[in-house]
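Order of the sequence lines fixes the chain letters, A, B, ..., with proteins taken first and strands second; residue numbering starts at 1 for each chain.
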Number of protein chains: 2
Amino acid sequence: MARPKAQIPGETVTQIIDCAEDLICHRGYNGFSYRDIAEHVGIRTASIHYHFPTKGDLAAQVAKRYGERFNVILQSIADRDPNPVTRLEAYAGLFRTALAEHDRMCLCGMLGAESATLPEPVRLEVESFFQLNRDWLETVIADGEREGKLSLRAPAPTQAHLLLAAMEGGMMLARNKNDTALFDMIAHAAIEPLAA
Amino acid sequence: MARPKAQIPGETVTQIIDCAEDLICHRGYNGFSYRDIAEHVGIRTASIHYHFPTKGDLAAQVAKRYGERFNVILQSIADRDPNPVTRLEAYAGLFRTALAEHDRMCLCGMLGAESATLPEPVRLEVESFFQLNRDWLETVIADGEREGKLSLRAPAPTQAHLLLAAMEGGMMLARNKNDTALFDMIAHAAIEPLAA
DNA sequence: GTCTATAAGATGATAGAC
DNA sequence: GTCTATCATCTTATAGAC
C-alpha cells in the first residue's frame, strides 16, 4: 500500500524549478548543479534529467516563469496605482524585497552577467525579461510625463534604460557589500529626479 | 643549448594573470578553469598552481591588479582634466572601451554578481574596487558642485553610488543585448543631469 | 619553474529496471 | 516518474622528478 513517491501532478517539476530559481539567484548558472537540486528536493539527478533533459532547458524554463510572474506583478502595480512616482517606487520595491528578505539577486541580473556562457535559449529569455521591464517602465514614465506628474531630462525610453540599469547595478553592489540600504539609496536617487 | 622554457622573470605570472583577467571578464569566476589558462598560455595546470596555489589566490591577485591599474587611470583623468563633466565622461569611457573593443564586462561587475560563491579574499578585493570608484566619483562630483559646474539633486555620495550602479548595470544590459549603444545611452543619461 | 602522474571528487548526461 | 548504475569528462589540487 505504500506509495511513498506518489506526487501531486507537476509537484516535482515545480519543486525543481523553485529550487533552481533560488540557486541561480544566489549562485548563478555556473554556480549550481543538478546535484544541489536533487539533494534539496529529495530526488536523484536522473529524475531531474527526466523533466529537464539539459541544464539549459531547466534554466530557460526558470527564466521564462520568472518573467511571466514578474509581468503579472507589473500589470497589477499599473492597475492599482495611478501615480507614476509610487508606481516606480513599487517597482523598485520588488527588487528590494528579494534582496532584503531572501538575499537574492534579480534572476536575470545574475544570468545577464553570465550571458557569454549561457545556452542561447536562456540568454534569449533573459533578454526578453529586460525588454519587458523596459517596456513597462517606458509606459509608466511616458504616461507620467503626459499627465504632468513627471518631468524628464531625457526621453522616456532612455530614462527606462537608466532606471533598469540602476536597479540591476544597485542590487549587485548592495549584495557585494551586504548592505540593503545601499540599494535603497540608489533606487531613490534614480527615481526622485523624475518627479515634477 | 636549447632552453625553451626559460622565461623573462615574472613573465609567466603576468601571462597567467592577463589570461585569468580576460576569462573572468568574459565568463566569470565560476566560468573558467585552470585548464583554460594552461591551454592559452601554453603551460600545464600544475605550473599555475605553483604560482597560485588555489583559484581564489589567483582571482584575488587578478582583482587586486585590476583595482590598482584602475586607480592609476582614475588619478590621471583627475590630473589632466579639470572639467567635472568631461571627467565623468572619461570615466564612463573606460567601461565603454572594455565593452566595445573587447566585449568585456567590468571584472568586478562580473565578480560582484558572483559574490555569494567567491572566496572571501576575492570578495573583499571586489568590495575595495567599488569603494575606490565611489570615492573617486564622490570627489569629482563634490568638487564639481563646489565650483558651480555641477548641480546636484542628491548629495555627492548618493550620486556617486547611482553613477557606479548605472555603469555596472549598463554594461550587463548592453552585453546581454550585444548593443554597445545601449551602454552609451545609459551612461549619458546618468551623467548629463548632473551638469549645471 | 615546469613537468608527469595522479588523486579525489564533481559534473552533465544516458540506459535500462521498476 | 523515479530509481540504480554507469559514463566520460572536467576540476581543483598535490607529490615528486627534472
- Query: What is the distance from CG of A:N30 to P of D:dT11, rounded to the nearest Å?
  - Reply: 10 Å
- Query: In whole angstrom, what separates B:I16's CD1 from C:dG1's P?
  - Reply: 11 Å
- A:Y50 vs D:dT2: side-chain N/O to OP1/OP2 distance below 4.0 Å: no
- Query: If every non-hydrogen atom of B:P84 is compared with every non-hydrogen atom of B:V140, which pair is closest and at what distance?
  - Reply: O-CG1, 4.0 Å
- Quickly work out the B:F52 CZ to C:dT2 P distance and round it to whole Å. 11 Å
- Item | Short N-O contact, A:R123 and A:E120, less than 4.0 angstrom | yes
- Query: Mind checking whether A:F129 and A:Y66 have parallel, tilted or perpendicular rings, split at 30° and 60°?
  - Reply: tilted
- Query: Roughly, in whole Å, what's the span from CD in B:E39 to C1' in C:dC3?
  - Reply: 16 Å
- Note on the structure: Nearest heavy-atom contact between A:N30 and B:G31 is ND2-CA, 4.1 Å
- Note on the structure: Between CD1 of A:I37 and C1' of D:dT2 the distance, given in whole Å, is 16 Å
- Message: For D:dC3 and A:S47 - does any side-chain N or O of the residue sit under 4.0 Å from the phosphate oxygens OP1/OP2?
- Response: yes
- Do A:K55's NZ or CZ and the ring of A:F32 fall within the cation-pi criteria of under 6.0 Å and 45°? yes
Using a cutoff of under 3.5 Å, can you pull out all pairs of nitrogen or oxygen atoms linking the protein to nucleotides 10-12 of chain C, with atom names and distances?
unit_1 : atom_1 : unit_2 : atom_2 : d
C:dA10 : OP1    : A:R35  : NH1    : 3.2
C:dA10 : OP2    : A:R35  : NH1    : 3.1
C:dA10 : OP2    : A:R35  : NH2    : 3.2
C:dA10 : O5'    : A:R35  : NH1    : 3.2
C:dT11 : OP2    : A:S33  : OG     : 3.1
C:dG12 : OP1    : A:K55  : NZ     : 2.9
C:dG12 : OP2    : A:Y34  : N      : 3.2

- Item | ring pair (Phe, Tyr, Trp, His ring centres under 6.0 Å) partner of B:F70, chosen from B:F130, B:W136, B:F95 | B:F95
- Message: From C-beta outward on B:A46, which listed nucleotide comes closest to its side chain: C:dT2, D:dC3, D:dT14?
- Response: D:dT14
- Rounded off to whole Å, could you give me the CG-to-P distance for the B:L23 and D:dT11 pair? 11 Å
